[in-house]
Amino acid sequence: MTHPRFSAINAGMKHPLDITILPVFGDNYIYLAHYAAGKCVAVDPGDAGPVLKELNRQDLQLTHIFSTHHHADHVGGVGSLKKKFGCEVVGPDAKRITGLDRVAGDGDVIELGDITIQCIATPGHTATSVCYYVTAASLAQPVLFTGDTLFVCGCGRMLECGGETMYASLQKLTTLSDDTLVYPGHDYTEENVRFAMMFKPENEALQKKLAVVQNQNKTGQPTVPSILAEEKQLNPFLKATDWKTFAYLRKQKDVY
Ligand SMILES: [Zn+2]
């Protein structure tokens with residue numbers, strides 16, 4: 001099922017790295033990253049249908065799939081896409097991601113055409129979650145695919161790890177370049193901004209962000225990507241000064 005509000009976005013840009021945003025299941029995002037002439041990778045293809053349709057529309061060959069973690073809404077399309085394209089499946093968890101060809105370990109680097117994709121282990125949402133950091137000489141800003149670890153103004157639930165682990169993973173991401181474009185696995189942005197405002201209702205930056213996000217939602221635009229510098233300024237989970245504060249906030253969000 002494609003998102004009712006919009007379908008493919010940014011499909012007309014030039015590679016590298018031309019990213020097409022495919023909304024699925026109401027709030028998931030699948031990303032197609034077009035990195036060389038006629039070639040692209042898919043990040044977290046939870047559903048094969050919209051990916052196939054878009055590959056066909058843009059006449060692209062799918063060479064790789066990058067999975068951030070094993071949840072079905074992120075890997076549901078892997079099997080049929082691999083069958084059709086014979087693409088290489090990269091991900092962190094051979095036990096729980098069917099069809100994995102290459103295990104993505106912390107610090108592993110994969111070069112595709114002009115781009116470099118670095119795997120960053122970010123346990124927390126799941127014990128084996130990873131993020132992918134993409135750089136290229138010709139890329140104005142680095143790109144970070146964060147799965148369900150970091151969301152715009154929020155973070156994922158801690159399903160398999162404790163607060164200390166997830167906090168350390170998020171802090172690791174804050175050391176990346178401030179101008180990094182953040183592409184998360186879900187669009188929970190408006191809810192996240194409202195949650196952040198509960199603690200800081202007078203914060204002007206959050207008020208401005210809420211207005212921008214509401215307008216994006218109203219006009220059918222995606223609320224991604226965000227910029228890491230903005231996350232460091234607005235995201236309460238990144239701003240937490242220690243893991244216990246972080247864990248308290250995460251617990252509040254679980255029942256929000
Ligand atoms: Zn998940």
Side-chain angles (χ1 to χ4, degrees), residues 1-3 21-33 41-51 65-82 89-100 103-106 117 119-133 143-173 182-192 195 222-226 231 235-238 246-247 249-256:
M1 191 186 84
T2 51
H3 196 283
I21 302 169
L22 295 174
V24 292
F25 308 141
D27 58 39
N28 276 74
Y29 286 129
I30 300 172
Y31 301 110
L32 294 185
V41 305
V43 179
D44 283 356
D47 190 3
V51 173
I65 289 171
F66 286 85
S67 297
T68 60
H69 65 296
H70 70 282
H71 287 157
D73 58 328
H74 296 256
V75 300
V78 169
S80 49
L81 289 170
K82 185 179 176 182
V89 182
V90 183
D93 194 327
K95 279 190 191 144
R96 299 192 288 185
I97 300 174
T98 308
L100 204 69
V103 177
D106 188 40
I117 302 170
C119 172
I120 303 171
T122 50
H125 175 63
T126 74
T128 51
S129 290
V130 298
C131 296
Y132 296 103
Y133 186 59
V143 166
L144 182 67
F145 296 106
T146 58
D148 291 356
T149 297
L150 175 65
F151 297 135
V152 179
C153 211
C155 73
R157 284 174 187 268
M158 298 187 292
L159 299 178
E160 299 179 0
C161 296
E164 197 167 4
T165 301
M166 180 109 183
Y167 180 70
S169 291
L170 290 169
Q171 287 300 306
K172 204 192 301 189
L173 298 180
V182 177
Y183 287 86
H186 289 269
D187 188 335
Y188 299 141
T189 309
E190 185 168 339
E191 179 190 307
N192 289 341
F195 174 76
T223 64
V224 297
S226 68
E231 293 305 319
N235 192 318
F237 299 99
L238 294 188
F246 164 79
L249 269 180
R250 186 55 260 185
K251 219 170 192 174
Q252 298 295 304
K253 182 67 170 61
D254 286 347
V255 294
Y256 178 66

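The residues of the chain are indexed from 1 along the displayed sequence. When a ligand or atom number is given, it counts from 1 through the structure's own listing order.
When each of His70, Met166, His69, His74 is paired with Ser129, the side-chain contact (heavy atoms from CB on, under 4.5 Å) condition holds for His69 and for no other.
Here Tyr31 and Phe145 bring their ring centres to under 6.0 angstrom of each other.
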With a cut-off of 3.5 Å and sequence neighbours excluded, list every side-chain donor-acceptor pair involving residues 156-164.
| unit_1 | atom_1 | unit_2 | atom_2 | d |
| --- | --- | --- | --- | --- |
| Glu160 | OE1 | Arg96 | NH2 | 3.0 |
| Glu160 | OE1 | Ala127 | N | 2.7 |
| Glu160 | OE2 | Arg96 | NH1 | 2.9 |

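Aromatic ring pairs are classed by plane angle as parallel below 30°, tilted from 30° to 60° and perpendicular above 60°; the pair Phe237 and Phe195 is parallel.
Annotation: protein N, O or S atoms under 2.8 Å of the Zn ion (ligand 1) (waters excluded) comprise His69 NE2, His71 ND1, His125 NE2, Asp148 OD2.
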Exercise for review: Show the numbers, then the answer: is there a ring-ring contact (aromatic ring centres under 6.0 Å, His included) between His186 and Phe151?
Suggested key: CA-CA 7 Å; His186 289 269; Phe151 297 135; 5.8 Å; yes

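The closest side-chain donor-acceptor pair between Thr146 and Thr149, if any, does not fall under 3.5 angstrom.
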